[in-house]
Engineer: 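Provided herewith is a single structure, encoded as structure tokens, for subsequent inquiry.
All values reported here derive from a predicted model rather than from experimental measurement. Naming convention: chains lettered A, B, ... in sequence-line order (proteins, then strands); numbering from 1 in each chain.
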Amino acid sequence: MNDGGILNIALPKGRLGEKVYAMLEKAGYPCPEVIGDTRKLIFENPDAGVRYFWVKPSDVAIYVERGAADLGVAGKDILLEYEPDVYELSDLRTGICRMAVAAKKGFRDDPGKTLRVATKFSHIARMYYAGKGRDIDIIHLNGSIEIAPILGLSDVIMDIVETGTTLRENDLEVIAEVLPISARLIANKSGFRFKYDRIRALTEALAELVNSGKGGVKA
Amino acid sequence: MYNETFTSPEERIAAKLRTLYGMFGYMPYKMSKFEEYDLYARNKEFLISDSIITFTDTDGRLMALKPDVTLSIIKNADTAGGRTTTKLFYSENVYRVSRGGTFREIMQTGLECIGNVDNYCLAEVLLLAAKSLAAVRDEYVLDVCQLDLLFRAVDLVSRDGAVQSALLRCAEEKNVHGIKETAKNAGAPETAAETLISLVELYAKPDEALPVIAKAAGKLGMTDEFDEFKKVIKALEGTDVYDNIRIDFSIVSDRNYYNGIAFKGYVKGVPERVLSGGQYDRLVEKLSKKGGAIGFAVYTDTLERLDGNSYQDEAERIVYRQGDEPGAVLAKAAELAAKGIKVRAEAAENE
């Protein structure tokens, strides 16, 4: 039932993807070309039985859900926002940050008014405030979320906070923690079944690396 | 004259499935495309998607284009108070929101076994589910779960509805770290989630999986339920599908409707499940009927892109010119078609 064929792995373009590739290389799935200076997006190492491809971070889950990739690495924020029908096999404990609500310093929430929330993560915001029974108006933005409260577009923002520097530089502060975020190893549900032994071996190799702290991959 | 190449893959597979179910004594069930909306409004959690196309009938009743077949069958079927067994199969279009967010007409073929549903019936339905997958492709797996054990393992961690939903979602994702985190946040003791994790981590052939489940069932005080499950699985041991069966507790269904055995089927080359089914005694009860029920549906729309399913546009061409006798061209085309040769007669391009 197991396919001896290659494992297709979607990596998120950027710093997180590079960190995760370093982990995969240490775990025994190298493909040195991946980190070369090239515009190529697909790389293959038949000896290690892997094919990597770089995709936009928010698209990783789509590639995996639709079976173009057997495995992928996506942030928990993306998984919660889009709720793809995939397996979440491992917390890679890298790319660590948090989803938070931030507002202008000194902001006082008026519960008598609808709260205007600017965010890229509309679904997470809706779920979070529904859990609190709060009436909100979601303003979906695709970037530069931090300026929304400054320009009076929104009362608060919900966004990913890594170090908090961008917030501080824009005179904003975190007023509520929503959830911790880190990179997760995800798998296509059909691929999981037909490449089970190989996916399990890779998952266990990564887990060993993460648990031993020898991954050399700090957040 | 029948030539399979002119039928779509979905039609071919649906025909094979109808034959398979008919051979096991299941009776065809034909239904109307519409049902009163109220039936779905009262059982929204049973549906895959709660978006429904509605319209007002000429008598003012709010009607729906069927998003599901099972609800209608159970509503209309005679369960004879659970004394006898009704076996039905269907091939119907349903109307659901697709992943793209728009409504689609989806062809669904499946069967239902209703009324007096004993272990033989359960094993027979599992066999037919596996054989349905085999009819699609040689490389397939039928993953089977025992929901009562899964639900009890969840109960052991927390009785809070929101926590239980989160745990079941994690089970569905095989998300063991999520289960640990959810249990911890809920204030459950560290060991409370161990049994649930042992089930969720499991993905194995029956002979390997059953001892693990037996241990979990012992801890959950559900050895009777395990023994019944084992009997059903072992009933398949002598069949040609046994090697393709896996035990998998990531097959999760709504506990308000489903109980006992749940299963999903996958074939190589299709990225999502192509078959889904299970026992739904609680739905029967909700619809004020007696007895049990088990059934499944094959989502033939998912099979469109299977390898080798593309239509080949190759044909013998007869090129005729202006002035050629139509009767002679027609006779030639008919002669080739009668020999089983695909033919296309076309006028020559004007010069």
Engineer: Are more than 12 heavy atoms, taken from residues, nucleotides or ligands other than A:Arg116, located less than 6.0 Å from that residue's CZ atom?
Structural biologist: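 More than 12 heavy atoms, drawn from other residues, nucleotides or ligands, come within 6.0 Å of this atom.
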
Engineer: Sort A:Arg184 into side chain, backbone, both or neither according to what part of it lies under 4.5 angstrom from a heavy atom of chain B.
Structural biologist: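 Side chain only.
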
Engineer: Given heavy-atom pairs under 4.5 angstrom as the criterion, report whether the side chain, backbone, both or neither of A:Asp91 touches chain B.
Structural biologist: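 For A:Asp91, heavy atoms of backbone and side chain both lie under 4.5 Å from chain B.
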
Engineer: Hey, what do you get for CD1 (A:Ile62) to OH (A:Tyr82), rounding to the nearest 0.5 Å?
Structural biologist: 7.5 Å

Engineer: Any heavy-atom pair between the side chains of B:Glu194 and B:Leu156 that's under 4.5 Å?
Structural biologist: no

Engineer: Output the distance between atom CG (B:Asp240) and atom OH (B:Tyr242), rounded to the nearest 0.5 Å.
Structural biologist: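 Reported value, rounded in 0.5 Å steps: 13.5 Å.
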
Engineer: Less than 3.5 Å apart, any donor N or O on the side chain of A:Tyr63 or A:Asn8 sitting next to an acceptor on the other?
Structural biologist: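 Judged by distance alone, the side chains do not pair up.
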
Engineer: Measure the shortest side-chain to side-chain distance between A:Glu18 and A:Trp54 over non-hydrogen atoms and say whether it is less than 4.5 angstrom.
Structural biologist: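 Yes. Closest side-chain heavy atoms under 4.5 Å.
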
Engineer: Going by atom types only, do B:Thr70 and B:Tyr280 share a side-chain donor-acceptor pair under 3.5 Å?
Structural biologist: no

Engineer: Suppose a student defines contact as a heavy atom less than 4.5 Å from any heavy atom of chain A. Which residues in residues 163-174 of chain B would they list?
Structural biologist: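 So the qualifying residues are B:Glu172, B:Glu173, B:Lys174.
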
Engineer: Does the side chain of A:Leu185 reach to within under 4.5 Å of the side chain of A:Val73, using non-hydrogen atoms?
Structural biologist: yes

Engineer: In terms of heavy-atom pairs under 4.5 Å with chain A, which of B:Val176, B:Val274, B:Asp248 leads?
Structural biologist: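 The residue among B:Val176, B:Val274, B:Asp248 with the greatest pair count is B:Asp248.
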
Engineer: Looking at A:Ser90, A:Ala187, A:Gly191, A:Gly67, which makes the most heavy-atom pairs under 4.5 Å with chain B?
Structural biologist: A:Ser90

